[in-house]
Structures are given as structure tokens and as C-alpha cells.
Amino acid sequence: MRITLAQLEAFYWTATYSSVERAASVLNIAQPTVSLRLRGLEDALGYKPLQRVGRGLKLTLRGQDLLEECRTIFASLEKIEARPSVRNLSGPIKLGFAEGFAMICLPQIVSRLHSTYPELQPELMVATSAEVEPELHALRLDLAFLVHPTEHEQFKLVPLGAQETCWIASTSFDLPPIVRPQDIATHSIISNPVGTINYQQMIGWFASAGLTPNRIDFCNSVSMLADLVNKGVGLGIYPNKLAEREVSEGMVSVLKTDPPIADTPIFAKYHRQSRKPKVEAVLNTVVSVLSELDYLKYG
């Protein structure tokens, strides 16, 4: 037989007042119901936690231990009940997003937050990971979603998956089926600034063949980088998902390259002391939205 919370409540209040009648009054149930629950508790325990002495009730030695355990259980329940409901969360929360990630799924995330937590007020920063991460470290953000973030002992990293990333080029370029660094080193290259993940991917790819591109045009915006590539100004590296519409319309091609560009991992990052209900609610919402999109690779 299993012990129930109702049985423990009947025992706790009966032991507290040494009276079945008083326990019934506190629990707002009939006295025979309290007695029935106490008998069920005795059967489940295999011993009597209470014994009758004259017209009253007294705790047995094992009953005294059980009463202390009940106090611990009910104190824990009070803490749980005192926690705010996540559906009733309200007020601002400051969120940072790597721009490429944001362009693909931020509208769905914000829409889901609005419908699930109508009183929550997201304050958004969208930029490269290199710009967002220092803001998080300075505690000017509560939670950030970053590409290849750095490890920091005071911050927690939660892996979300990896986004497929490749060279993208306008179909106006006459390029071979498999593109190698020497094939495009003389073309204009569009890149995020030095220090960004995008720049490291680009310069590392050329360096694998001992090359540096003749011309690099820097652009701090992923969306504008993609727009420049769409219009044939140059070639660039960014998530395949951003080019889906343009590929379907024949504007650009996702290039097959040797070596390939590695998929870029996406992480959620927050201060270890900041796992508050708001952070947890947003993180769970993002994970839920991502599970519905054909976007990140897992495992």
C-alpha cells in the first residue's frame, strides 16, 4: 500500500492537536474521514504512529520521527506553492540574439512569448555574437543566444544545436561545381568584422590553402551581408536557412566547397546565478520553437 499526502495531512494535524476532531476542523472534512485516513496510514506504515492514552492521543516513538518528516515535507510544499506561476510572469527581460539566428526564428519566438506570457516584456539586442556576448558578461543582458560562445566559469552554456553554414554566391558568378579557395580568392568577399565568428570562418577557409582573398568588404550586419550577396556584390558565408527563398528563386546558390564550412553551434548562455523563472520561461520557449522548425541539427 502507498502512503498518500491526504493520510500524512490527517496524521500531522491529529498529532499537532492530539485530536481527531480538531484535525477534521482544520482540514474541513468529516471526523470519520480523518479516522479512515489514519487507519490507512497505519496499514501502509505497518506500525501505529499514534496511540490512545485515556481519552486522548499520544505519539509513539516512531510517530515522533514521522511527525518531523511530515514537517519537512509540508515546508517543502509551502516553498513550491509560494513560487510564482511561470504563466503569470511579468516585467522586462533583456535578451540578446546572434543576428543570423534571430533572422531565422526571432519572430516565432517573440510571438510565442507574447501568447504564453502576455505580461512579459522582452527587450531585444540583435547583433553579432562578438557584440552581444560582452553585454551578457557585463550583466546588461539576462540571457543570450550565441554562435560559438566562449566558456566562462560564471556562465552556463546550454547547447541548442548547430546551424548549417556555407558559402553563398549569386548565380551570376561562373563557378565550378566544387569551389576551392583559389577559385574565389580574386572575387570580392563580404565578411563581418575582424573578431567575429563569420570572419574567422572566412579567413580560416582561405588560410587552409595558404591564401588571403584580394578584397574583403566588411559589414557588421548579417542581413545586409546577405543582401549584398543576393545582389552579386560579392560572396559570403552565412546560414543556409537565410538563403532558402533566394535559392528557390534562382538568385543565389549554396556552394559546395572543399574544404566545407563547418556547421556552427548555437548556445543559450546566462549567468549561473540568474536561472530565474523569466530566464527559464524564455529558454523553454526557444527550445519549443526550435523543435518545430527544420533549422538546427542535433546530436
Side-chain angles (χ1 to χ4, degrees), residues 79-150 152 154-165 192 196-197 220-226 238-245 263-299:
K79 289 181 181 179
I80 292 172
E81 291 172 350
R83 291 173 186 164
S85 168
V86 293
R87 292 193 63 84
N88 295 328
L89 293 177
S90 62
I93 181 166
K94 298 179 180 180
L95 307 173
F97 290 87
E99 187 181 1
F101 178 78
M103 289 174 66
I104 294 166
C105 58
L106 186 55
Q108 297 93 319
I109 290 169
V110 174
S111 178
R112 184 72 56 83
L113 287 172
H114 285 170
S115 62
T116 309
Y117 311 104
E119 300 301 317
L120 199 61
Q121 300 166 9
E123 298 180 6
L124 309 176
M125 176 186 181
V126 178
T128 64
S129 290
E131 294 171 291
V132 172
E133 194 167 33
E135 293 298 299
L136 179 69
H137 289 174
L139 303 182
R140 288 188 285 269
L141 295 173
D142 299 305
L143 172 65
F145 298 90
L146 305 167
V147 177
H148 262 310
T150 59
H152 192 298
Q154 295 181 9
F155 288 81
K156 172 75 172 178
L157 289 173
V158 180
L160 301 177
Q163 62 182 359
E164 191 174 3
T165 306
N192 287 154
T196 63
I197 300 301
N220 71 337
S221 166
V222 175
S223 60
M224 185 52 66
L225 187 159
Y238 50 90
N240 296 14
K241 194 77 172 175
L242 289 182
E244 277 189 344
R245 181 173 62 84
D263 297 337
T264 50
I266 305 291
F267 289 81
K269 186 173 182 178
Y270 58 88
H271 197 280
R272 291 184 183 275
Q273 302 301 317
S274 299
R275 188 64 187 266
K276 300 173 183 177
K278 289 181 187 178
V279 169
E280 186 170 354
V282 173
L283 183 53
N284 289 339
T285 298
V286 170
V287 170
S288 175
V289 168
L290 291 176
S291 70
E292 299 169 9
L293 298 176
D294 181 20
Y295 170 30
L296 297 183
K297 296 180 178 180
Y298 304 94

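Numbers for residues simply follow the sequence, beginning at 1. We use all heavy atoms of the structure for the numbers below, so side chains are in, but hydrogens, waters and symmetry mates are not.
- Ser115 places no side-chain N or O within donor-acceptor distance of the main-chain N or O of Leu113, the cut-off being under 3.5 Å.
- Listed by chain and residue number, Glu244 satisfy the salt bridge (Lys or Arg N to Asp or Glu O under 4.0 Å) test with Lys241 (two or more places apart in sequence, or in another chain).
- Using cut-offs of 30° and 60° for the angle between ring planes, the Phe97 and Phe101 rings count as parallel.
- Note that SG of Cys105 and CG of Leu296 are 7.0 Å apart. Values are rounded to the nearest 0.5 Å.
- Contact check for Val287 versus Leu160: side-chain heavy atoms found under the 4.5 Å cut-off.
- Across Pro149 and Phe267, no two heavy atoms sit closer than the pair CD-CD1, 3.4 Å.
- A distance of 4.5 Å separates CD1 in Ile266 from OH in Tyr295, rounded to the nearest 0.5 Å.
- Looking at Thr128 and Thr196, their side chains never bring a donor and an acceptor atom within 3.5 Å of each other.
- Under the rule for a salt bridge (Lys or Arg N to Asp or Glu O under 4.0 Å), the partners of Glu292 that lie at least two apart in sequence or sit in another chain are Arg112.
- Under the side chain to side chain contact (heavy atoms under 4.5 Å, CB included) criterion, Glu164 pairs with Asn240, Asp263, Lys297, sequence neighbours left out.
- Distance CG/Leu283 to OG1/Thr285: 8.5 Å, rounded to 0.5 Å.
- The closest side-chain heavy-atom distance from Arg272 to Gln154 is not below 4.5 Å.
- In this structure, a donor-acceptor pair under 3.5 Å is absent between the side chains of Gln108 and Ser111.
- Counting only heavy atoms from C-beta outward, the side chains of Tyr238 and Leu225 approach each other to under 4.5 Å.
- The two residues Ser90 and Lys278 have their closest heavy-atom pair at O-CE, 3.0 Å.
- When every heavy atom of Ala98 is checked against every heavy atom of Ser129, the shortest pair comes out as CB-OG, 3.4 Å.
- From Ile197, atom CD1 reaches atom CG of Leu146 across 9.5 Å, with rounding to the nearest 0.5 Å.
- Summarising the geometry of Val132 relative to Gly96, their closest heavy-atom pair is CG1-CA, 3.8 Å, with the distance given to 0.1 Å.
- Not counting sequence neighbours, His114 has no partner by the ring-ring contact (aromatic ring centres under 6.0 Å, His included) test.
- Residues passing the salt bridge (Lys or Arg N to Asp or Glu O under 4.0 Å) test with Glu123, sequence neighbours excluded: none.
- Taking NE2 from His152 and CG from Leu136, the interatomic distance works out to 9.5 Å, rounded to the nearest 0.5 Å.
- Closest heavy-atom contact between Leu143 and Ala268: CD1-CB, 4.3 Å.
- The salt bridge (Lys or Arg N to Asp or Glu O under 4.0 Å) test applied to Glu133 returns Lys269, not counting sequence neighbours.
- The two atoms that bring Ala102 and Pro107 nearest to each other are O-CD, 3.8 Å, heavy atoms only.
- Between the side chain of Glu99 and the backbone N or O of Val222, at least one donor-acceptor pair lies under 3.5 Å.
- A 4.5 Å side-chain heavy-atom check between Leu141 and Met125 finds at least one atom pair inside the cut-off.
- Rounding to the nearest 0.5 Å places CG of Asp142 at 12.5 Å from OH of Tyr270.
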